[in-house]
Amino acid sequence: MSTNRRTHPFRAVIFDMDGVLTRTADLHMQAWKQIFDDYLSRQNNQQPFSRTDYLAHVDGKPRYQGVEDFLHSRQLTLPYGKPSDSADRDTVCGLGNRKNARFLELLENKGVEVFDDAVAALKRWRRGGMKLAIITASRNGQRILEEAGLLDAVNVVIDGAVAAEKDLAGKPEIMLEAARRLDVAPADAVIVEDATAGIRAGRDGEFGLVVGVSRNGNETELREAGADHVTADVYAVSFLRQIPNALDHMEDLSAWRGSRPLAVFLDFDGTLAEITEEPGKAQISAEARSALQRFSCPVAVISGRDREDLQSRVNVEGIYYAGNHGFDIAGNGHRHTLPEADNAVKDVDHAERMARERVGDLSGVIIERKRYSLAVHYRKVKSDEVLEKVQQAVEDMRQETGLRKRNGKKVLELEPAVDWNKGRALRWLIDILPVSGEESPFIVYAGDDVTDEDAFLALREDGPGIYVGDALTCSLADYHVRDPDEVLHLLRKLADALE
Ligand SMILES: O=P(O)(O)OC[C@H]1O[C@H](O[C@H]2O[C@H](CO)[C@@H](O)[C@H](O)[C@H]2O)[C@H](O)[C@@H](O)[C@@H]1O
């Protein structure tokens, strides 16, 4: 992120509608599929309309442009016709009108579903006095929002009908018009968008912050399109803030520690080791291993990995290892597991069988079995269809086994539904640390993923949580460092302080 852009506070939030606030994308997809499949079945050698076609050529565009772009992608042409064309005419406008009639029927029959996370964020921002707008290329925007009960929840709504009336050519113009009507400069406004075209429009409009909403695990595409921040949970974004870099605040950390004995707790993937395409390839650098070996104080690594796997990758003697997100702890003569987790192993076995049967052979899917949990990795999955199958299979596995589902970085995990996590493991470890003297230990915990948030929360006043990632974050940590390289610098500075 460039440093001259504002990060906080903002005065307004502009929400895209479809895919962010409302689930109308599915209704649009169904309507497009019905009219295009009917049309394609009357042409030579044409495959049916797919979700990939929808996302690539139609999603987020005014309807006649969507028809033209999709036909163009199949080397098909139709006369443009006129917007007044009846819905049974085979013209661009006729097909667009047919789709709209079908969409309105579906809307009437099925109603509008909303995304609860985005509606909760909208309400939280409104309570905080933020100015709000909703924008959409859909000419039915007002009607959809009325149906969803959101029309009066915001200050400004600009839909496709308003855009056509005001001659607003595309998304950037619609966004800028929303900012103008809210009476805020673009630099003071946040854009919340789920489509890459919308992210690019937000960047072109020079908005203060462009948030990408990844509903389908498409974080990378949203980031590449220029999103400043990507989230799967819009509610979390209403807590977004800027946190300082720990490396610039070592004196503050030292003052906070005072004379207390130090203990260093670390996550593994994304913290000690760079994220890699395949879980088996992640490794700690020789420098990071040496830094860990320098510590004379207690060190613990708490990871989602299986404990033995973690231990062999870190390979440092005399430290504590907690695997399976804290369900399996060992080190320095101590051992901790939970009977409830042992009882759940048969459910993890069952989930593993289901995963291998349902998604094991799908391109890009990696299944990682661990003692108490199962990870289904989709980092290498390239198709939306495969991703949907993975999500559905893991949801079915959750329901059938009663295991708890968790999201991580391009991974879905199932683990025992027990009140235990990295935070509980951290507290357990603090209680057994061999610290001498009266004073409680000062704990530094660094981690990069959602499961590390449990540890940040559990730390309370015991020391700083250090988030590994961007300064602009919804993390509960006190400080950040950018990446595993900066984690290494931090470790060296902490080790220096002890010598
Ligand atoms: O708690 P952590 O140490 O951060 O472990 C979390 C998960 O990390 C691993 O998966 C992640 O890292 C892989 C290698 O960089 C990457 O390919 C994957 O996409 C990430 O989700 C590990 O494989 C999991 O078992 C851990 O739960």
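Sequential numbering from 1 along the given sequence is applied to the chain's residues. For ligands, and for the atoms within them, numbers begin at 1 and follow the listed sequence.
- Atom 21 (O) of ligand 1 has its closest protein heavy atom at Lys409 O, 2.5 Å.
- Numbered from 1 in the order shown, with element, the atoms of ligand 1 that lie under 4.0 Å from a heavy atom of Val411 read 21 (O).
- With a 4.0 Å cut-off on non-hydrogen atoms, Glu278 touches ligand 1 through its backbone and not its side chain.
- Only backbone heavy atoms of Glu277 (N, CA, C or O) come within less than 4.0 Å of ligand 1; its side chain stays farther off.
- Under a 4.0 Å N-O distance rule, the pair Asp449/Lys422 does not qualify as a salt bridge.
- Near Lys370, with a cut-off below 4.0 Å to any heavy atom, the atoms of ligand 1 are 24 (C), 25 (O), 26 (C), 27 (O).
- The number of heavy-atom neighbours closer than 6.0 Å to NZ of Lys281, taken from other residues, nucleotides and ligands shown, is 12 or below.
- Between Arg371 and Glu308, at least one side-chain nitrogen of the basic residue sits less than 4.0 Å from a carboxylate oxygen of the acidic one, meeting the salt-bridge criterion.
- For Arg460, the CZ atom sits in a loose shell: 12 or fewer heavy atoms of surrounding residues, nucleotides or ligands are nearer than 6.0 Å.
- Between Trp32 and Phe36, the two ring planes are parallel [angle under 30°; tilted spans 30° to 60°].
- Around atom 18 (C) of ligand 1, the closest heavy atom drawn from Glu368, Arg313, His377 belongs to His377.
- Close approach of ligand 1 to Ser303 is summarised as follows: ligand atoms under 4.0 Å from at least one heavy atom of the residue are 1 (O), 2 (P), 3 (O), 5 (O).
- The shortest N or O to N or O distance between Gly304 and ligand 1 is under 3.5 Å.
- Considering Lys370, Arg406, Arg398 in turn, Lys370 is the only one that fulfils the salt bridge (Lys or Arg N to Asp or Glu O under 4.0 Å) rule with Glu413.
- Dense packing is recorded around CZ of Arg404, with more than 12 heavy atoms of other residues, nucleotides or ligands lying under 6.0 Å away.
- Note: Tyr445 and Phe456 have perpendicular aromatic rings, judged against thresholds of 30 and 60 degrees for the angle between ring planes.
- Atom 19 (O) of ligand 1 has Arg379 NE, 2.7 Å as its closest protein atom, hydrogens excluded (heavy atom only).
- Ligand 1 places these atoms under 4.0 Å from at least one heavy atom of His325: 27 (O).
- Taking each of Glu413, Lys422, Glu415, Arg369 in turn, the one with a heavy atom nearest to atom 7 (C) of ligand 1 proves to be Glu413.
- Of all atoms in ligand 1, listed by their number and element, those nearer than 4.0 Å to a heavy atom of Thr276 are 14 (C), 15 (O), 16 (C), 17 (O).
- For Glu317, the CD atom is loosely surrounded, since the number of other residues' heavy atoms within 6.0 Å does not exceed 12.
- Summarising the contacts of atom 11 (C) of ligand 1 with Val468, Leu412, Asp269, the nearest heavy atom is found in Asp269.
- Ring-plane geometry between Trp428 and His334 is classed as perpendicular, the angle between the planes exceeding 60 degrees on a 0 to 90 degree scale with a lower cut at 30.
- Short contacts between ligand 1 and Asp267, defined as distances under 4.0 Å to a heavy atom of the residue, involve ligand atoms 1 (O), 2 (P), 3 (O), 4 (O).
- Of all atoms in ligand 1, numbered sequentially from 1 with element shown, those under 4.0 Å from a heavy atom of Ile275 are 12 (O), 15 (O).
- The atoms of ligand 1 that sit less than 4.0 Å from any heavy atom of Phe268 are 3 (O).
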